[in-house]
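Below you'll find the structure, written out as structure tokens, and then a few comments.
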Amino acid sequence: MKRVLITGAAGFLGSHLCDRFIKEGYYVIAMDNLITGDLKNIEHLSANDNFEFINHDVSEHITIDEELDYILHFASPASPIDYLKIPIQTLKVGSLGTHNLLGLAKAKGARMLIASTSEVYGDPLVHPQTEDYYGNVNPIGPRGVYDEAKRFQEAITMAYHTYHGVETRIVRIFNTYGPRMRLNDGRVLPAFIGQALRGEDLTVFGEGNQTRSFCYVDDLIEGIYRLLLSDYELPVNIGNPDEITILDFCKEITKLTGTNQKIIYKDLPVNDPMQRQPDITKAIELLGWEPKVNRADGLKITYEYFKGLSEEELTKVEHKNFDEYVK
Ligand code: UDP
């Protein structure tokens with residue numbers, strides 16, 4: 001039986017990866033320090049003999065006694081508002097955490113896949129974004145703690161690959177959505193749905209003409225699984241190229257939820273990327289992968305998930321207002 005270590009396992013993507021690897025017949029070691037993750041995302045796996053959970057911060061030294069075949073590093077705050085609240089942890093998990101895990105991969109002879117991001121492209125001047133674009137990142141802006149940690153993460157991963165011969169994979173993940181996103185993490189989809197469910201106005205930042213391209217979580221997990229098992233060590237974009245403006249996206253959510261609330265406009269956050277769309281030619285050619293779930297279907301499933309949350313979860317507001325973020 002192959003053994004896989006998944007960090008950030010109690011988070012949105014990490015928990016879906018745990019499900020996938022259990023389904024594929026792996027032994028899964030799930031690691032998380034629960035700083036933004038939630039055990040409820042993996043509690044359905046807790047009775048499974050092929051699953052164990054370790055509460056640990058990967059920025060600290062990691063000890064695993066048994067053998068490992070694969071490591072997937074998905075631990076990190078992932079919402080711009082979270083980076084502002086916990087900037088040092090965000091920097092550490094992408095840098096020190098990655099270093100620790102690469103050391104572990106080297107010691108175990110394991111293959112390691114890191115969760116990189118479209119944020120390495122910053123506010124991109126090339127559109128759509130291809131993997132050979134170097135990006136346009138402000139290192140000292142509010143997003144710098146995440147963007148630069150992820151860029152460092154790619155650099156150290158390639159260094160371990162070339163210098164130590166560690167087998168590595170790099171996925172650049174574009175905006176992804178689906179069940180188990182944190183309703184109050186401040187990201188646009190849970191923000192809009194949460195506002196609709198609570199009967200609040202929907203907050204569009206700027207004029208809403210900035211774009212994003214949203215990928216349903218099942219599609220993303222399939223792409224990551226294929227990349228891990230491929231023999232390609234350079235970065236690969238995984239995302240859905242179906243691009244939409246934030247204002248149109250807000251209107252889609254308004255229609256889906258049937259809310260009568262108004263759309264209100266707030267200042268655009270500093271360094272908010274104006275456009276984002278993955279070029280997925282590489283993923284198509286190398287992995288035979290393409291997204292299959294269209295936004296209408298994915299949003300319906302996600303809305304059902306959020307509707308099923310308790311009143312307490314729905315009203316737990318982590319970011320009381322966005323003024324701390326939108327200056
Ligand atoms: N956004 C918005 N209203 C919100 C939250 C976010 O208009 O209540 C915008 C945000 O300014 C950005 C886009 O939605 O342009 C996506 O933001 P998100 O935080 O989801 O992630 P990003 O893609 O910026 O990392």
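Numbering of ligands and ligand atoms starts at 1, following listing order. Just so it is clear, the values below take in all heavy atoms, side chains as well, and ignore hydrogens, waters and symmetry mates.
There is no side-chain donor-acceptor pair under 3.5 Å between Ser46 and Glu43.
With Thr117, Leu268, Asn175, Asp82 as candidates, the residue nearest to atom 21 (O) of ligand 1 on a non-hydrogen basis is Asn175.
The shell of residues lying under 4.0 angstrom from ligand 1, judged by heavy atoms, includes Gly186. For the ligand labelled ligand 1, residue Glu119 lies inside the 4.0 Å heavy-atom shell.
At a 4.0 Å heavy-atom cut-off, ligand 1 does not touch Cys250 at all. Within the 4.0 Å heavy-atom criterion, neither part of Gln275 lies near ligand 1.
Listed by atom number, the atoms of ligand 1 under 4.0 Å from Arg276 heavy atoms are 22 (P), 23 (O), 25 (O). Ligand 1 places these atoms under 4.0 Å from at least one heavy atom of Val204: 7 (O). For ligand 1, the atoms closer than 4.0 angstrom to any heavy atom of Ala191 are 8 (O). Against a heavy-atom cut-off of under 4.0 Å, Ile246 is close to the following atoms of ligand 1: 7 (O), 13 (C), 14 (O). Taking every non-hydrogen atom of Thr203 and a distance limit under 4.0 Å, the qualifying atoms of ligand 1 come out as 2 (C), 3 (N), 4 (C), 7 (O), 8 (O).
By the 3.5 Å distance cut-off applied to N or O atoms, Arg187 is not counted among the residues near ligand 1. Annotation: Pro80 places no N or O atom under 3.5 Å from an N or O atom of ligand 1; distance criterion only. Residue contacts with ligand 1: Val188 is placed with a nitrogen or oxygen under 3.5 Å of a nitrogen or oxygen of the ligand (distance criterion only). Every N/O-N/O distance between Gln195 and ligand 1 stays at or above 3.5 Å. For ligand 1, the polar-atom distance check against Asp272 finds a nitrogen or oxygen pair separated by under 3.5 Å.
Annotation: Glu312, atom CD; neighbour count of heavy atoms from other residues, nucleotides and ligands within 6.0 Å does not exceed 12.
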Take Asp272 and Arg212, measure what salt bridge (charged side-chain N to carboxylate O under 4.0 Å, His left out) needs, and give me the verdict at the end.
CA-CA 11 Å; Asp272 199 289; Arg212 295 293 185 271; 2.9 Å; yes
So Tyr225 and Phe21, ring pair (Phe, Tyr, Trp, His ring centres under 6.0 Å) or not? Walk me through it.
CA-CA 9 Å; Tyr225 189 74; Phe21 280 89; 5.3 Å; yes
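Judged by a 6.0 Å distance limit and a 45° cone about the ring axis, Arg180 is not positioned over the six-membered ring of Tyr305. Because its NZ or CZ atom is both nearer than 6.0 Å to the ring centre of Tyr27 and within 45° of the ring axis, Arg3 counts as a cation-pi partner of that residue.
The other members of the hydrophobic cluster of Val126, by chain and number, are Val120, Tyr121, Leu125, Tyr133, Phe174 (side-chain heavy atoms under 4.5 Å, ILVMFWY only).
Ile246 and Ile244 fall within the same hydrophobic cluster, defined by Ile, Leu, Val, Met, Phe, Trp and Tyr side-chain heavy atoms under 4.5 Å apart, directly or through other members.
Between the CG atom of Leu39 and the CG atom of Leu34 there is a distance of 4.5 Å, given to the nearest 0.5 Å.
The side chain to side chain contact (heavy atoms under 4.5 Å, CB included) test with Thr157 is passed by exactly one of Thr162, Leu102, Leu101: Leu102.
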